[in-house]
Amino acid sequence: MLDLNHPLEYVKGIGPRRAELLFKAFHTKTIGELIQVYPIRYIDKTTITPIRNITINDEWVLIKATIIHIELVDGRKQRLVVKVSDQTGIMELVWFQGIRYIGQIIEKGKEFLFYGKINNFNGRLNIPHPEIEKPGINDTRDFLLPIYPNTEALNRSGLTMKFRRDLLFGWLNELSSYDFPEMIPNWLMKDLNLPSRFGSIKQMHFPQNQKSAEIAKRRLIFEEFFINQCSLIAQKIYRKNNIKGYNFSKIGPLFNEFYHHKLPFQLTEAQKRVIREIRNDMGSGFQLNRLLQGDVGSGKTIVALMSALIACDNGFQTCIMAPLEILAQQHYKNISKLIQGLNIKAALLTGTSKKKEREEILSGLQSNEIQILIGTHALIEPAVKFHQLGLVIIDEQHRFGVEQRAALWSKATPLPPHVIVMTATPIPRTLAMSVYGDLDVSIIDQLPPGRKPIKTLHFHELKRTEMEALMKHELDAGRQVFVVYPLIEESKDMDLENLQMGYDRIFRAFPPPKYQISVVHGKMNPKDKESEMNRFIQFQSNILVATTVIEVGVDIPNASVMIIESADRFGLSQLHQLRGRVGRGAEQSFCVLMTGYKLSQDARTRIKTMVETDNGFTIAEVDMQLRGPGSIEGVRQSGGPEFKLASISLHQDLFKLANESALKILTADPKLENPDNLGLKSYLSKYITKNKDMSKIG
Ligand code: ADP
Ligand code: MG
């Protein structure tokens, strides 16, 4: 009996060395895992192309031809050149690698099938590294020949496509549906018209025709989404029913006093909704674990503060953690101002807090004199002990490892704290569901009223004077300007040079003493960076020339212009984040995207999207279409789901179906005790243990 867990290194014909190459290429260790590396396409073996008909426009071709000439050519690099003929013409095949191995297979006068990609070599067509197969052997099954993802190293090691195909064919013949038990409930398969699991796997590898390959693929994609959604939703239901949390059911004097007398503006409907969601969670007796998404400027801070006030009213402390000192300072400043006159105290603790101040804060925390602690990573240190910590708020997508999370949790006893993670990076809805489906997600999808939309302009290099005129106009009206340059590690010397040149140009156009310029870039030491940044925040300078270090949420309402140099070199989400730095005040704000004339298709789409919309979710959606889900900030860091065939951006309809089905099943039968769901239950229990995502906050 063939065992799916059988290690590949013990498979006859693979062995330890090739097994290692397979592992490197596909992360596969066992037979079962290799079976799940599916073909990327098929070639129709019934359509052999006569050599005479081949043109450079044929990408991949299959020819059936006899070897008429074999030659080893010495040059800068040795190559094997083979001429083959099929009556209609002659084609040249060439190998640069694995020559010895190929030499053993081919033989003058023999006929083979060759499959490969047509290449134009000095005006002559040839096929480099084609696949070779003896014709006739498996002709009955080989209508559609699966083509697998492959690597050069695998090819060189002699693990040919043909060999792999034969292995898979043999394995799949020996296996049965017993080895790939069904996990989709029967009624659902019928409802959605899905073929069986094992049948689909077989059809994926050796389909009867293109249509059956497509049907099989659809089923396997649905399966991946379905399992992803079932496992996340099951974990969420489990958490909601089992992990007890502090019950903050009281809405007390602090919250009411603030809400009725101190709130400096009317909350938006979205803010109200989110506060309600948080309030409900915190009063449920179970742990709150919520991702709070809101575009830059949507007003997350006030939501954080009001949640903290609920904690306070119930006798608990809150800590708010930001990734940068400067952000922590800003939160501290804003929150201190907002809570003036309330009987409550906030403190700021960072790596640079003075010793005496630090000691006062630490003792104030223990005695409960301080109810809200704001800070950076310094908050995690063991010395930081609370009287009674009940709520942890993490700003700007700050994800922690297991240990950090455990350290933070252990500061709250006996129950875990409620957790809110705030992020300004909008994640497309389906993607968020596939990554954070086990968390609750709140979205502030509305900006405070009265904001003028930022005017976004695209200027070519030749319009630089126009851009400078805009700058001058705004500067002379008493406002501040950001000028941002790209700086990436791979080209940092040139980038720094550009930054310097840009600075010189600005300096000449806007000379002191009338204009003051600050410079901040990633290569500066943190102290200088901080002081330059502060100069700008305190309006001692009018222009901030910077690299992308200012991306994170520093709030400077007086800044009304964001100039982005070489804008085509930034990703969409990044551009959107940068633009969000302006438009905080009541004045009209501008974002200017500077580029050269020549732009790639992608860059054109990015710039166009920026000019046309300021909706963060629309932008994230386009970004995902352009660069794939892995490009979305926060998804990469948290690992994200890894699908074999499915793609969140390509198969949204199937995802929606999978999500709805999973919800329906788990809502009706959360413990999966219904006989219909036993297959799903047993599959999930294995899947969840294997994929436990330890990076998640909750
Ligand atoms: P972010 O979501 O980017 O953290 P902030 O919380 O910093 O946004 O809010 C941005 C600005 O909008 C702040 O100056 C804040 O005082 C203001 N603000 C927040 N909510 C409202 C509202 N409902 N009405 C008017 N202004 C608001
Ligand atoms: Mg913020």
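Numbering of ligands and ligand atoms starts at 1, following listing order. Just the heavy atoms: all of them, side chains too, but no hydrogens, waters or symmetry mates, feed the values below.
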Between Lys356 and Glu359, is there a salt bridge with N-O shorter than 4.0 Å?
no
Does the distance from a Lys or Arg side-chain N to an Asp or Glu carboxylate O, for Asp495 and Lys523, drop under 4.0 Å?
no
I need the nearest protein heavy-atom contact for [atom]: residue, atom name and distance, please.
atom: atom 20 (N) of ligand 1; answer: Gln271 NE2, 3.0 Å
atom: atom 3 (O) of ligand 1; answer: Gly297 N, 2.6 Å
atom: atom 21 (C) of ligand 1; answer: Phe265 CE1, 3.3 Å
atom: atom 17 (C) of ligand 1; answer: Arg451 NH2, 3.7 Å
atom: atom 2 (O) of ligand 1; answer: Lys300 NZ, 2.8 Å
atom: atom 14 (O) of ligand 1; answer: Asp555 OD2, 3.9 Å
atom: atom 8 (O) of ligand 1; answer: Gly299 N, 3.3 Å

For [X], the ligand 1 atoms whose distance to one of its heavy atoms is below 4.0 Å:
X: Leu267; result: 23 (N)
X: Thr301; result: 4 (O), 5 (P), 6 (O), 7 (O)
X: Gln266; result: 22 (C), 23 (N), 24 (N)
X: Thr268; result: 23 (N)

Pick from Lys300, Arg276, Arg290: which one makes a side-chain hydrogen bond (donor to acceptor under 3.5 Å, both in side chains) with Ser442?
Arg290
Determine, using heavy atoms of Ser298 and all atoms of ligand 1, whether some pair is separated by less than 4.0 Å.
yes
I'd like to check Ser541 versus Ile517 (side-chain heavy atoms, cut-off strictly below 4.5 Å). Are they in contact?
no
Is any side-chain heavy atom of Ile543 less than 4.5 Å from a side-chain heavy atom of Phe510?
yes
Quiz question: by atom type and distance under 3.5 Å, do the side chains of Tyr515 and Asp476 form a donor-acceptor pair?
yes
Atom OH of Tyr259: over 12 foreign heavy atoms under 6.0 Å
no
Counting heavy atoms not belonging to Lys272, are there more than 12 under 6.0 Å from its NZ?
yes
